[in-house]
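To start, the structure under review is shown below, and the notes come after it.
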Amino acid sequence: MASSTALWSFALVVGLLTLTPGLDTALVLRTAALGHRTRAWGVVLGIQTGTLIWGALTSLGVTALLTASHLAYEVLRWAGAAYLLWMAVRMIAGTFRRDGTGPDAEVEVDGVDTLSGGWRQGALTNLLNPKVGVFYVAVLPQFIPAEAPHFATGLALTSVHVVLGLIWSTVLIASATALGAWLRGPRARRALDRVTGTVIGAFAVRLAVSD
């Protein structure tokens with residue numbers, strides 16, 4: 001497979017994956033819709049940092065150990081499920097509080113509007129999801145030509161995924177911001193947090209029970 005063919009083929013695969021609604025989309029939309037653009041971009045950068053790390057580890061052959069070791073996979077899987085469930089419970093529980101710390105308060109239940117806070121949330125969400133690592137182990141090597149330098153080509157392909165993710169996230173944040181004034185109302189915020197918390201909780205359960 002020629003390098004240019006591999007690049008465009010991989011871009012098509014990860015482009016479709018990027019457009020598919022999932023956990024990352026829910027986190028970015030929810031954060032941006034509540035008016036926290038800085039934190040939303042932090043979430044985006046954290047997610048893409050995780051993607052870049054998974055791609056680099058796969059290019060080095062490290063993530064192959066994840067699929068080879070049942071214990072390593074299980075530890076990461078349960079850690080990811082616990083983190084997602086914790087985030088979902090906090091998000092939903094905050095909608096029922098009336099002590100100034102719920103969704104009507106100025107401070108979000110998952111942190112203030114900071115880039116670093118969003119980055120930590122996005123990075124942890126991505127890095128604690130072993131299925132991202134398994135995806136890269138299964139897919140990335142197929143698009144690296146035999147004659148190409150493995151690590152450099154792997155990073156180049158992963159960078160394509162990151163760029164597509166940044167472009168799509170720009171669209172998501174712009175769309176959510178346009179509806180921000182309405183979504184930041186007390187009732188809308190409660191509904192948004194409950195829906196997003198439920199979605200995240202569902203991902204946690206699916207990750208916990210998946211084989």
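For the numbers below, each heavy atom of this structure counts, side chains included, while hydrogens, waters and symmetry mates do not.
Within the structure, side-chain hydrogen bond (donor to acceptor under 3.5 Å, both in side chains) pairs that include any residue of residues 152-165 comprise Tyr136-His161 (at least two apart or interchain).
In this structure, Val132 is not a member of the same hydrophobic cluster as Leu85, with clusters built from ILVMFWY side-chain heavy atoms closer than 4.5 Å. The cluster map of Ile, Leu, Val, Met, Phe, Trp and Tyr, joined by side-chain heavy atoms under 4.5 Å apart, puts Leu12 and Ile167 in different clusters. Val160 and Phe151 end up in the same hydrophobic cluster when Ile, Leu, Val, Met, Phe, Trp and Tyr side chains are linked at under 4.5 Å. With hydrophobic clusters built from ILVMFWY side chains whose heavy atoms lie under 4.5 angstrom apart, Leu166 shares a cluster with Leu157.
Both tests do not hold together for Arg190 against Phe96: distance to the six-membered ring centre under 6.0 Å, angle to the ring axis within 45°.
Interatomic distance, OG1 of Thr170 versus CH2 of Trp168, reported as 11.0 Å (0.5 Å rounding). In this structure, Leu128 CG and Leu84 CG are separated by 8.0 Å, a value rounded to the nearest 0.5 Å. Summarising the geometry, atom CG belonging to Asp193 is positioned 6.0 Å from atom CE belonging to Met91; distances are rounded to the nearest 0.5 Å. Between Leu127 atom CG and Ile53 atom CD1 the span is 5.0 Å, to the nearest 0.5 Å. To the nearest 0.5 Å, atoms OG1 (Thr31) and CG (Leu192) are separated by 9.0 Å. Taking CG of Leu29 as the start and CD1 of Ile173 as the end, the distance is 9.0 Å to the nearest 0.5 Å.
Shown here for Leu27 and Val43, the closest heavy-atom pair between the two residues is CB-CG1, 4.2 Å. Of all the heavy atoms in Tyr73 and Pro130, the pair that sits closest is CE1-CB, 3.5 Å. When all heavy atoms of Ala176 and Ala32 are compared, the pair lying nearest together is CB-CB, 3.7 Å. Of all the heavy atoms in Ser59 and Gly154, the pair that sits closest is OG-CA, 3.2 Å. Across every non-hydrogen atom of Ala208 and Ala81, the tightest pair is CB-CB, 3.9 Å.
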Distance-only check: which donor-acceptor pairs under 3.5 Å involve side-chain atoms of residues 18-25, not counting sequence neighbours?
from, atom 1, to, atom 2, distance (Å)
Thr18, OG1, Val14, O, 2.7
Thr20, OG1, Leu16, O, 2.8

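Side-chain atoms of Arg37 do not come within 3.5 Å of backbone N or O of Thr177 as any donor-acceptor pair. Using a distance-only test at 3.5 Å, with no hydrogens or angles considered, no donor-acceptor pair links the side chain of Gln121 to the main chain of Gly117. In this structure a side-chain-to-backbone donor-acceptor pair under 3.5 Å is present from Arg77 to Leu207.
The closest side-chain heavy-atom distance from Leu17 to Phe135 is below 4.5 Å. Put simply, the side chain of Met87 does not reach to within 4.5 Å of the side chain of Phe203, judged on heavy atoms. Looking at Asn129 and Thr125, their side chains never come closer than 4.5 Å, going by heavy atoms from C-beta outward. Looking at Val89 and Trp86, their side chains never come closer than 4.5 Å, going by heavy atoms from C-beta outward.
Shown here are the side chain to side chain donor-acceptor pair (under 3.5 Å) partners of Trp119, two or more places apart in sequence or in another chain: Thr49. In this structure, the ring pair (Phe, Tyr, Trp, His ring centres under 6.0 Å) partners of Phe10, at least two apart in sequence or on a different chain, are Phe143. Listed by chain and number, the residues in a side chain to side chain contact (heavy atoms under 4.5 Å, CB included) with Val62 are Leu57, Leu60 (sequence neighbours excluded).
Taking Ile, Leu, Val, Met, Phe, Trp and Tyr as hydrophobic and joining them when side-chain heavy atoms fall under 4.5 Å apart, one finds Trp78 isolated, its cluster having no other members.
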